Participant: 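The following block contains the structure, expressed as structure tokens.
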Amino acid sequence: LKLQFLYFIGMDMGIGAKRKRVVPCIAAIILVFVLVQISKTLVPTYDSDKYVFTGDARMKWEKARIWKWQREMGWVVGANYVPATAINQLEMFQEATWDPKRIRFELQLASKSGMNCMRVFLHDLLFESDKEGLFKRMNEFLSIASFFDIKILFVLFDACWRGAAKLGPQPEPIPFTHNSGWLQSPTHATLRDESKWDKLQDYVTSVLQRFKDDSRIVGWDLYNEPSNFDLDFQLISKKLNVEEGAPDARHFSKTDKQTQVLKLLQLTFQWARAVGPSQPLTTAIWGTMTPDDMDKDSLNAKFTEVQLTNSDVISFHSYSSPADMQVLIDSLRKFDRPIMCTEYLARGYHSTILGNLPVLHRQGISAFNWGLFDGKTQTVYPWSSWYKTFSEKPSVWHHDVFNTDGIPFNASETDLILKFSKKSNNKLLYQF
């Protein structure tokens, strides 16, 4: 390019007759050069490590930026949260069942135990039906949490549990059954019909645009367990001997569902990047296999690659023993990014606060156990309650930390969380 430039300059200086042709050539070359430089910042590119994504501020955060975020944030510890009075995301945030008094009571106890963050699920139907109402209640929730020095990791979509959902009063819990009323977002009907995805884009971009600079939010978890294939829903239906009146759920094959979710997952990252929130994006890998152990041609491997390629901070779920969880952590270290464990705690499967939390804390990995209070989700019951009959609470809870009245299931667990968080909160206690 430099030789061409000098050549044309020489022509321009020595041959006056060609001046009118030379000047446009010089201008064209300069324009091409400028456009090439601009394109390098706008077009996402991959370096020698295929999982490292580079580009402008709308693309994946560079390592220096995400590690700066980690240093400023410190160690994050908390729970996946829904109040005891709600069976699912809709019941938590719909106006008729919004329960700020209960939320204050629960988050106050969480804060006293040393927790400083909650992972909280939204639902696209909440936005579609009452956009401003949802924003109002999200803001109120953030204010309550902030009062107790608790930040929030919001989850936008979820591939787990019931594939059909409707607004209004939610069903009562199935007695003695784990998480019987949780909802997928979007529903199977919306997931199948791509003509409805403009509404999903509006949901994602509007929520992020409204809260993109809110310091009370620690990050955005775009899609919970996206490759989940509804085994839980099938077991619930079998137990009840019903098909839940949702033909879209009954006839959505594993491959069909995963194919649609994979498309939506990639689009969701694009929509979120277009907004450019000041908080990082993530979506957690899950299951017992490490990324290196997967069949590279499988759909699960494709999900994992999309998730690891696009997440600013790496996140994972583990309901295994401390030793097995460490194997997964070791496989994720090579990405040289902060790591979050956004789901753990299944006491009957050797995933415990007393056993797993020290492993996470020692390595500076953010930790979110599943469940804060025993309530309408009934996640104190194990996964086996999908196909076994229970008549009372198990002596060893599956998930959750507090009884409905605020008494810890095991005070040694909350003592350990407080010890690790090194946090003291003497703010006014709310009385429930």
Side-chain angles (χ1 to χ4, degrees), residues 73-86 92 99 101-120 141 144-153 178-179 218 317-322 325 340-382 393-432:
M73 195 60 54
W75 187 59
V76 172
V77 61
N80 286 265
Y81 180 69
V82 60
T85 51
M92 177 177 178
D99 195 351
K101 184 178 180 181
R102 178 72 199 186
I103 290 170
R104 289 189 187 96
F105 169 72
E106 295 182 355
L107 294 190
Q108 172 238 320
L109 287 179
S111 181
K112 282 174 63 67
S113 74
M115 295 185 182
N116 56 28
C117 196
M118 294 288 143
R119 183 172 180 249
V120 177
F141 177 75
I144 295 170
S146 180
F147 182 85
F148 295 111
D149 297 322
I150 291 174
K151 292 184 180 291
I152 303 301
L153 174 66
H178 176 105
N179 217 7
V218 72
H317 296 171
S318 174
Y319 290 106
S320 301
S321 68
M325 184 178 69
M340 308 175 81
C341 177
T342 50
E343 288 187 26
Y344 83 101
L345 183 59
R347 293 182 180 92
Y349 292 78
H350 310 293
S351 175
T352 67
I353 291 175
L354 298 180
N356 293 62
L357 190 61
V359 173
L360 297 168
H361 177 258
R362 183 170 61 249
Q363 300 172 83
I365 297 173
S366 301
F368 296 81
N369 65 266
W370 186 274
L372 188 62
F373 274 74
D374 174 29
K376 294 179 77 171
T377 60
Q378 299 182 154
T379 50
V380 299
Y381 294 93
K393 288 182 183 179
S395 58
V396 176
W397 285 8
H398 186 68
H399 298 321
D400 300 321
V401 176
F402 292 98
N403 283 277
T404 307
D405 61 5
I407 303 299
F409 167 72
N410 182 347
S412 296
E413 295 176 342
T414 51
D415 289 346
L416 184 65
I417 295 170
L418 182 60
K419 174 185 174 182
F420 283 159
S421 68
K422 298 180 181 178
K423 177 180 178 182
S424 177
N425 190 339
N426 297 316
K427 291 189 176 180
L428 175 68
L429 301 184
Y430 280 87
Q431 299 299 320
F432 181 66

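Keep in mind that what you see is a predicted model, and the values were worked out from it rather than measured. The figures here come from the full heavy-atom set of this structure, side chains too, leaving out hydrogens, waters and symmetry mates.
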Participant: Under the criterion side chain to side chain contact (heavy atoms under 4.5 Å, CB included), I'd like the reasoning laid out for V401 against F373: C-alpha separation, chi angles, the key distance, then a yes or no.
Facilitator: CA-CA 6 Å; V401 176; F373 274 74; over 6 Å; no
Participant: Salt bridge (Lys or Arg N to Asp or Glu O under 4.0 Å) with K151: which residues, sequence neighbours excluded?
Facilitator: none
Participant: What's the separation between atom CE in M340 and atom CD1 in I365, rounded to the nearest 0.5 Å?
Facilitator: 11.0 Å
Participant: side-chain hydrogen bond (donor to acceptor under 3.5 Å, both in side chains) with E106: which residues, sequence neighbours excluded?
Facilitator: Y81, R102
Participant: Apply side chain to side chain contact (heavy atoms under 4.5 Å, CB included) to E343 and N80, showing your working.
Facilitator: CA-CA 7 Å; E343 288 187 26; N80 286 265; 3.7 Å; yes
Participant: Can you pull the side-chain hydrogen bond (donor to acceptor under 3.5 Å, both in side chains) pairs that have at least one residue in residues 346-360, sequence neighbours excluded?
Facilitator: R347-E413
Participant: Suppose we screen for ring-ring contact (aromatic ring centres under 6.0 Å, His included). Which residues come up paired with H317, at least two apart in sequence or across chains?
Facilitator: none
Participant: Does A145 have any side chain to side chain contact (heavy atoms under 4.5 Å, CB included) partners at least two apart in sequence or in another chain, and if so, which?
Facilitator: L107, I150, I152
Participant: Which residue pairs pass the salt bridge (Lys or Arg N to Asp or Glu O under 4.0 Å) test when at least one of the two sits in residues 350-374, sequence neighbours left out?
Facilitator: D374-K393
Participant: Can a donor-acceptor pair be found, under 3.5 Å and without considering hydrogens, that links the side chain of H178 to the backbone of Y381?
Facilitator: yes
Participant: To the closest 0.5 Å, what do you measure between OG1 (T414) and CD1 (I407)?
Facilitator: 10.0 Å
Participant: Specify the closest pair of heavy atoms between V77 and G114, including all atoms of both residues, with the distance to one decimal.
Facilitator: CG1-O, 3.6 Å
Participant: Of the non-hydrogen atoms in V396 and F409, which two are nearest, and what is the gap between them?
Facilitator: CA-CZ, 4.1 Å
Participant: Once you round to the nearest 0.5 Å, how far does CZ of R104 lie from CD1 of I144?
Facilitator: 4.5 Å
Participant: Has the side chain of N403 got a donor or acceptor atom that lies under 3.5 Å from a matching backbone atom of D405?
Facilitator: no
Participant: Below 6.0 angstrom between ring centroids: does that apply to Y319 and H398?
Facilitator: no
Participant: How long is the gap from CE on M115 to CG on L109, to the nearest 0.5 Å?
Facilitator: 10.5 Å
Participant: Of all heavy-atom pairs between L357 and A367, which one has the smallest distance, and what is that distance?
Facilitator: CD1-CB, 3.6 Å
Participant: Name the orientation class of the two ring planes belonging to H361 and F420 (parallel below 30°, tilted from 30 to 60°, perpendicular beyond 60°).
Facilitator: parallel
Participant: The test is side chain to side chain contact (heavy atoms under 4.5 Å, CB included); show your working for V359 and M325 and say whether it passes.
Facilitator: CA-CA 9 Å; V359 173; M325 184 178 69; 3.8 Å; yes
Participant: Please give me the minimum heavy-atom distance between G371 and N369, naming the atom from each residue.
Facilitator: O-ND2, 2.7 Å
Participant: Side chain to side chain contact (heavy atoms under 4.5 Å, CB included), that's the test. Do C117 and F368 meet it? Break it down for me.
Facilitator: CA-CA 8 Å; C117 196; F368 296 81; 3.7 Å; yes
Participant: Find the distance between CG (N116) and CE (M73) and round it off to the nearest 0.5 Å.
Facilitator: 9.5 Å
Participant: Write down the atom of L354, the atom of S412, and the distance for their closest heavy-atom approach.
Facilitator: CD2-O, 3.7 Å
Participant: Mind checking what makes side-chain hydrogen bond (donor to acceptor under 3.5 Å, both in side chains) contact with D400, not counting sequence neighbours?
Facilitator: T379
Participant: Would the distance check show the side chain of S111 and the main-chain N or O of Q108 forming a donor-acceptor pair, the cut-off being under 3.5 Å?
Facilitator: no
Participant: Residues in ring-ring contact (aromatic ring centres under 6.0 Å, His included) with Y344, at least two apart?
Facilitator: none
Participant: With rounding to the nearest 0.5 Å, note down the distance linking OG in S421 to CG in L416.
Facilitator: 9.5 Å
Participant: Which residues pass the side chain to side chain contact (heavy atoms under 4.5 Å, CB included) test with S395, sequence neighbours left out?
Facilitator: none
Participant: Taking only residues two or more places apart in sequence, or in another chain, which ones meet T85 in a side-chain hydrogen bond (donor to acceptor under 3.5 Å, both in side chains)?
Facilitator: D99
Participant: Between A86 and T377, what is the shortest heavy-atom contact and its length?
Facilitator: O-CG2, 3.8 Å
